[in-house]
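One structure is given below, encoded as structure tokens.
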Amino acid sequence: MSESVPPEVRPKPAVPAKPSHVAPPSSVPFVPSPQGTGGEGQGSGRGSALLGYIGIDTIIEQMRKKTMKTGFDFNIMVVGQSGLGKSTLVNTLFKSQVSRRSTNWSRDEKIPKTVEIKSVSHVIEEGGVKMKLTVIDTPGFGDQINNENCWEPISKYINEQYEKFLKEEVNIARKKRIPDTRVHCCLYFISPTGHSLRQLDIEFMKHLSRVVNIIPVIAKSDTLTLDEKTEFKQKVRKELEACGIECYPQKEFDEDMEDKSDNDKIREAMPFAVVGSDKEYQANGKRILGRKTPWGVVEVENPNHCEFSLLRDFMIRSHLQDLKEVTHNIHYETYRAKRLNDNGGLHPISSSGQDTQESNL
């Protein structure tokens, strides 16, 4: 009696077989792309982009494509006395003429009697990424003899943007993408006195730090010596701590130890002693942005001369998205919760009966 031979065991195919009624696109077998970015299948007769590497890490590429199409919004407010170089610094930060002064400002324009809020928007494109940048200027702040409650128009403007976003959000037929006019960052310019903060500086940051991300900067820091600059920065930090003012990034929002370590270095460097300039000079065989003095050129992007490069790296490279998230998840949510709670959970969109009825629904 002959021995029975077991049937040959064949390995299962790595890719599930297609149904019998579907013909293969070609005789060449399909080979997954090792690049992992959704490359085309090797055997696709029509060059379909749907065949390629499959992995959960491809969601990053999907998100990138989505955001590339929609673009980004970033709204920055500059606050400080006239003559501190607010417009120049913003232009230097983004290497573009984006400030109000660069568009519709004239030297004959008088300083307003009260604080006025003026904004100008630009679309900046770099490397295929589009960003709508809005610069909000506050001419007239701190320029009067009596500056009592001069921060109130600024606080009102910030809350109005939250209110505008909230109204769009609670609509029944709301927009797919709500226009974001909320202030994501407020650069507060401190005069380089070398002594201490003014009472106006303390009151402004005390009132506004609860509703917006404030980043203090010492303007025109090249007017201070190195020792004066170091001493002034230490005084400002102590005064802010004594008054209970927390500037961005706040310690309570550190998510993990890595964030805490990075943010601690930033908090130790605040307030940033900066110099802004939109003029180029020749130095060391290359063109640089700087301010010319009788003793040489103050290089804006040289860390040994000022902390502009540190501020730009912090604001744009590492924390721009976090500024937007803290604005939405913390400041806006705080305003939203208070607004809805004060209104009994209902938010009337307008005084008309129809809008009120829709809001109640």
Side-chain angles (χ1 to χ4, degrees), residues 72-107 118-127 129-139 141 183-192 213-224 226 229 232-233 247-248 266 269-284 286-293 295-321 323-324:
F72 299 88
D73 293 313
F74 189 64
N75 308 317
I76 180 173
M77 174 181 277
V78 288
V79 182
Q81 285 182 299
S82 299
L84 291 181
K86 301 187 297 293
S87 301
T88 303
L89 182 69
V90 173
N91 290 339
T92 313
L93 269 174
F94 296 96
K95 293 188 175 180
S96 301
Q97 299 296 312
V98 295
S99 69
R100 174 184 64 89
R101 175 176 174 177
S102 305
T103 53
N104 58 359
W105 182 86
S106 65
R107 295 189 179 274
K118 295 186 177 182
S119 64
V120 58
S121 298
H122 299 270
V123 176
I124 301 176
E125 184 171 356
E126 182 178 333
V129 179
K130 291 182 180 179
M131 183 175 72
K132 183 182 178 184
L133 174 68
T134 301
V135 179
I136 303 113
D137 200 355
T138 56
F141 177 83
V183 180
H184 300 127
C185 172
C186 175
L187 282 179
Y188 188 79
F189 286 70
I190 301 170
S191 299
N213 298 316
I214 291 182
I215 300 176
V217 297
I218 299 173
K220 295 187 175 180
S221 64
D222 55 326
T223 60
L224 300 171
L226 294 178
K229 188 190 305 181
F232 188 39
K233 284 164 64 75
C247 299
Y248 177 86
I266 294 168
M270 283 189 177
F272 298 101
V274 298
V275 176
S277 175
D278 50 10
K279 295 181 180 179
E280 289 188 346
Y281 296 95
Q282 191 77 20
N284 299 324
K286 59 181 181 180
R287 303 289 294 179
I288 59 164
L289 289 171
R291 286 166 55 90
K292 194 171 184 179
T293 69
W295 305 275
V297 177
V298 179
E299 300 178 26
V300 170
E301 297 177 321
N302 189 336
N304 296 321
H305 292 189
C306 72
E307 296 171 344
F308 169 81
S309 57
L310 182 60
L311 171 66
R312 184 180 60 188
D313 188 75
F314 158 59
M315 275 188 59
I316 300 176
R317 187 189 68 83
S318 61
H319 282 69
L320 189 147
Q321 182 61 29
L323 281 164
K324 297 181 63 175

Reference residue T92; test side-chain contact (heavy atoms from CB on, under 4.5 Å); the match among L289, L311, V275, V274: L289

Without swapping roles, check the side chain of T293 against the backbone of G296 for a donor-acceptor pair under 3.5 Å. yes

Describe, in one word, how the ring planes of H184 and F74 are oriented to each other, choosing from parallel (under 30°), tilted (30 to 60°) and perpendicular (over 60°). parallel

Any Lys/Arg nitrogen of R291 or E299 sitting under 4.0 Å from an Asp/Glu carboxylate oxygen of the other? no

So, taking the atom named NZ in K324 and the one named CG in D73, what distance separates them when rounded to the nearest 0.5 Å? 5.5 Å

Between C306 and V298, is there a side-chain heavy-atom distance shorter than 4.5 Å? no

Do I288 and V297 have side-chain heavy atoms sitting under 4.5 Å apart? yes

Enter the distance from T223:OG1 to K229:NZ here, rounded to the nearest 0.5 Å. 9.0 Å

Would you call V78 and Y188 a side-chain contact if the rule is heavy atoms closer than 4.5 Å? no

Side chain to side chain donor-acceptor pair (under 3.5 Å) with T134: which residues, sequence neighbours excluded? N75, S121

If you define the side chain from C-beta out and look only at heavy atoms, does anything of F189 sit under 4.5 Å from I218? no

Dump the intermediate steps for side chain to side chain contact (heavy atoms under 4.5 Å, CB included) on H305 and D222, then the final yes or no. CA-CA 8 Å; H305 292 189; D222 55 326; over 6 Å; no

In the structure I gave you, are the side-chain heavy atoms of V217 and M270 within less than 4.5 Å of one another anywhere? no

Tell me, with the steps shown, if I215 and C247 meet side chain to side chain contact (heavy atoms under 4.5 Å, CB included). CA-CA 6 Å; I215 300 176; C247 299; over 6 Å; no

Are K292 and E280 close enough for a salt bridge, meaning some N to O gap below 4.0 Å? no

Within-4.5 Å side-chain heavy-atom neighbours: H319 and I266: yes

ring-ring contact (aromatic ring centres under 6.0 Å, His included) against F272, all qualifying residues, sequence neighbours excluded: F314

How far does CD of Q81 sit from OG of S191, to the nearest 0.5 angstrom? 4.5 Å

Could you check whether E307 pairs with K233 (Lys NZ or Arg NE/NH1/NH2 to Asp/Glu carboxylate O, under 4.0 Å)? yes

Between E126 and F94, is there a side-chain heavy-atom distance shorter than 4.5 Å? no

Just by distance, do the side chain of T88 and the backbone of G85 share a donor-acceptor pair under 3.5 Å? no

Side-chain heavy atoms of L187 within contact of V79, under 4.5 Å: no

Could you work out, with side chain to side chain donor-acceptor pair (under 3.5 Å) as the rule, every residue matching D278, not counting sequence neighbours? none

